[in-house]
Trainee: 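Input: one structure, supplied below.
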Amino acid sequence: MARCWLPIGKKTSLTKLSADVTPGFKGEEASAREATEELRGELIDLQRKLYAEERQRLLIVLQAMDTGGKDGVIRKVFSGVNPLGVTVARFERPTPAELAHDYLWRVHPHVPGNGEIVIFNRSHYEDVLVVRTNKLKPKSIWSKRFEHLRNFERMLADEGTTIVKFYLHIDRDEQKERLQARLDDTSRNWKFDAHDLEQRKLWDDYMQAYRDAIVETDRKYAPWYVIPANKKWFRDWAVMRILVDTLRKMDPQYPKADFDPTTIRIV
Ligand code: AMP
Ligand code: MG
């Protein structure tokens, strides 16, 4: 498979990691969009089989800074895929009931069942990201969570769930432009959230928190893909590419009929 993601390590500074590069893709916007469209047919076909087979489960985790493109990926990569069998679970500020429980309590009920694909728009990772950068819990609490996250995902994988995790990497300048676009375009005003400006001030802290979360929980059974995401056409292609490769490996099959269809007559 082409390396359409960026490998990162304990010492990587995400602040310095270019969000403009297009690893694994030679060419420009038009050919990337064309390649994405070619893969779309295969994604649709593989999802159809996964649903019919009703045996395997796929969990897709999407994380990014505000304006990073989580909604865009869901809209563009999954357009045309049969909504039967694909669900988006969105994780926002915890409700009082959620806060009254452990942080995985609200997550577990949303994981995919047999034949299903679930996309997490934000996820259990917020509990080592926003919680850490905003000091919602002390280090003594959030630092223990990496191990919980590994074990939680390990359990899901052992029990038959395939997991892929994406961090859509944009830089601070790109976020500025995208936030400004939400102010300038009346059809996008609804997406503007003053809270995002507060989080933007914590950019460097977030980059450290993302780096640590990724390095601590990037495992074979639950790999992270760091997608340079300033260029939306590259982002969409890379996510599509990885998902199609993941589903190819899962290799879902239409179930064989346990009867001989040629012997049945419909009158
Ligand atoms: P959005 O995805 O734009 O609707 O924003 C959702 C907001 O909820 C973001 O600011 C997240 O950081 C915040 N959020 C999600 N999960 C948590 C959490 N576990 N604790 C605190 N804030 C969270
Ligand atoms: Mg928002």
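Numbers here are sequence positions counted from 1.
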Trainee: Nearest 0.5 Å, please: how far is CG in L156 from CG in L59?
Mentor: 7.0 Å
Trainee: Taking the side chain as C-beta and beyond, is there a heavy-atom pair between K76 and K232 under 4.5 Å?
Mentor: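 The answer is yes; the side chains approach within 4.5 Å.
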Trainee: Using a cut-off of 6.0 Å, state whether more than 12 heavy atoms not belonging to K191 lie near its atom NZ.
Mentor: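 It does: K191 NZ has more than 12 such atoms within range.
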Trainee: Less than 4.5 Å apart, side chain to side chain, heavy atoms only: is that true for Q175 and W203?
Mentor: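 Counting from C-beta outward, Q175 and W203 do come under 4.5 Å.
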Trainee: Under a 4.0 Å N-O cut-off, is there an ion pair linking E147 with R150?
Mentor: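 No.
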Trainee: What is the distance from atom OH of Y51 to atom CD1 of I117, rounded to the nearest 0.5 Å?
Mentor: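 The OH atom of Y51 sits 12.0 Å away from the CD1 atom of I117.
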Trainee: Given side-chain contact (heavy atoms from CB on, under 4.5 Å), test H195 with R93 step by step and report yes or no.
Mentor: CA-CA 12 Å; H195 174 75; R93 278 164 217 129; 2.9 Å; yes
Trainee: Taking a hydrophobic cluster as the set of Ile, Leu, Val, Met, Phe, Trp and Tyr residues connected by side-chain heavy atoms closer than 4.5 Å, whether directly or through intermediates, do V130 and L197 fall within one such cluster?
Mentor: no
Trainee: Taking side chain as C-beta onward, heavy atoms only, is V21 less than 4.5 Å from F234?
Mentor: no
Trainee: Given side-chain contact (heavy atoms from CB on, under 4.5 Å), test V107 with F152 step by step and report yes or no.
Mentor: CA-CA 10 Å; V107 177; F152 175 58; 4.1 Å; yes
Trainee: Can you tell me how far apart CD1 (I119) and NE2 (H110) are? Round to the nearest 0.5 Å.
Mentor: 14.0 Å
Trainee: Using a distance-only test with no angle check, is there a side-chain donor-acceptor pair under 3.5 angstrom linking Q63 and S123?
Mentor: yes
Trainee: Determine, stepwise, if the pair V164 / L58 fulfils side-chain contact (heavy atoms from CB on, under 4.5 Å).
Mentor: CA-CA 8 Å; V164 273; L58 177 60; 4.2 Å; yes
Trainee: State, with a plain yes or no, whether a side-chain heavy atom of P23 is found less than 4.5 Å away from one of P228.
Mentor: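 They are in contact (side-chain heavy atoms under 4.5 Å apart), so the answer is yes.
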Trainee: Quick check: does any side chain N or O of R178 sit under 3.5 Å from a backbone N or O of T67, one acting as donor and the other as acceptor?
Mentor: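 Pair found, side chain donor or acceptor close to backbone of T67.
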Trainee: Is any NZ, NE, NH1 or NH2 atom of the basic residue among D196 and R200 found under 4.0 Å from an Asp or Glu carboxylate oxygen of the other?
Mentor: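 The answer is no: the pair does not qualify as a salt bridge.
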Trainee: Look at R248 together with D245 and state whether they make a salt bridge at an N to O cut-off of under 4.0 Å.
Mentor: yes
Trainee: Show your reasoning for whether side-chain contact (heavy atoms from CB on, under 4.5 Å) applies to V131 and E126.
Mentor: CA-CA 7 Å; V131 167; E126 291 294 327; 5.9 Å; no
Trainee: So W142 and F146, would you call those rings parallel, tilted or perpendicular, with 30° and 60° as cut-offs?
Mentor: perpendicular
Trainee: Identify which one of K165, K220, R219 satisfies the salt bridge (charged side-chain N to carboxylate O under 4.0 Å, His left out) criterion when paired with E153.
Mentor: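 Going through the options one by one, the only one that passes is K165.
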Trainee: Would you say the side chain of K249 lies within less than 4.5 Å of the side chain of T162, judging by non-hydrogen atoms?
Mentor: no
Trainee: Determine whether I242 and V88 fall in the same hydrophobic cluster, where Ile, Leu, Val, Met, Phe, Trp and Tyr are linked whenever their side-chain heavy atoms lie under 4.5 Å apart.
Mentor: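 The answer is yes; both residues are in one hydrophobic cluster.
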Trainee: Under a 3.5 Å threshold, yes or no: a donor from one side chain and an acceptor from the other, between D251 and Q56?
Mentor: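 There is no such pair between these side chains.
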Trainee: Test your reading of the model: is there a side-chain donor-acceptor pair from R40 to the backbone of V77, 3.5 Å cut-off?
Mentor: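 Between the backbone of V77 and the side chain of R40 there is a qualifying donor-acceptor contact (under 3.5 Å).
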Trainee: How many angstroms lie between OG1 in T161 and CG in N114, if you round to the nearest 0.5 Å?
Mentor: 8.5 Å
Trainee: How far apart are the closest heavy atoms of A213 and W224, and which atoms are they?
Mentor: O-NE1, 3.9 Å
Trainee: Could R57 and E159 be called an ion pair, given the rule that one side-chain N must be under 4.0 Å from one carboxylate O?
Mentor: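 Result for this pair is no, no salt bridge flagged.
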Trainee: Work out which heavy atom in A181 is nearest to a heavy atom in R188; give both atom names and the distance.
Mentor: CB-NH1, 3.7 Å
Trainee: Measuring only between side-chain heavy atoms, which start at C-beta, is M155 closer than 4.5 Å to H108?
Mentor: yes
Trainee: Working to the nearest 0.5 angstrom, can you tell me the gap between L202 CG and N134 CG?
Mentor: 5.5 Å
Trainee: Spell out, yes or no, whether M65 and L179 are grouped together once hydrophobic residues are joined by side-chain heavy atoms under 4.5 Å, including indirect joins.
Mentor: no
Trainee: Can you measure from CG (L243) to CZ (F78) and round to the nearest 0.5 angstrom?
Mentor: 5.0 Å
Trainee: Would you say the side-chain atoms of D102 pair up with the backbone N or O of L104, donor to acceptor, closer than 3.5 Å?
Mentor: yes
Trainee: Is there side-chain contact between R211 and V215, with at least one heavy-atom pair below 4.5 Å?
Mentor: yes
Trainee: Hey, which of R132, K11, K10 is the one that makes salt bridge (charged side-chain N to carboxylate O under 4.0 Å, His left out) with D212?
Mentor: R132
Trainee: Which atom names give the shortest non-hydrogen contact between V73 and V239, and what distance separates them?
Mentor: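 For V73 and V239, the tightest heavy-atom pair comes out as CG1-CG1, 3.9 Å.
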Trainee: Which of parallel (below 30°), tilted (30 to 60°) and perpendicular (above 60°) describes Y167 and H169?
Mentor: tilted
Trainee: Show the nearest heavy-atom pair for residues A52 and Y254, with the distance to one decimal.
Mentor: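 Minimum heavy-atom separation between A52 and Y254: CB-CD2, 3.7 Å.
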Trainee: Is the backbone N or O of L183 less than 3.5 Å from a side-chain atom of N189, with the two atoms forming a donor-acceptor pair by type?
Mentor: yes
Trainee: Would you say W237 and I44 are hydrophobically clustered, going by side-chain heavy atoms of ILVMFWY under 4.5 Å?
Mentor: yes
Trainee: Is the cationic atom of R154 (NZ for Lys, CZ for Arg) positioned less than 6.0 Å from the six-membered ring centroid of Y221 and within 45 degrees of its normal?
Mentor: yes
Trainee: Step through the shown structure and confirm whether more than 12 heavy atoms of other residues, nucleotides or ligands are within 6.0 Å of CD on E37.
Mentor: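 Atom CD in E37 is crowded, with more than 12 foreign heavy atoms closer than 6.0 Å.
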Trainee: Check whether any side-chain heavy atom of Y103 lies under 4.5 Å from a side-chain heavy atom of I141, and answer yes or no.
Mentor: no
Trainee: Indicate yes or no: does D66 engage R122 in a salt bridge with an N to O separation below 4.0 Å.
Mentor: yes
Trainee: For residues M240 and T36, report the shortest heavy-atom separation together with the two atoms involved.
Mentor: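 What the structure gives for the nearest pair is CE-O, 3.7 Å.
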Trainee: Does D171 offer a backbone N or O that forms a donor-acceptor pair with the side chain of N230 under 3.5 Å?
Mentor: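 Here the side-chain-to-backbone pair exists.
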Trainee: For E116 and G113, work out which heavy atoms get closest and say how close.
Mentor: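 Of all heavy-atom pairs spanning E116 and G113, the closest is OE1-N, 2.8 Å.
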Trainee: Are the side chain of Q180 and the backbone of E177 linked by a donor-acceptor contact shorter than 3.5 Å?
Mentor: no
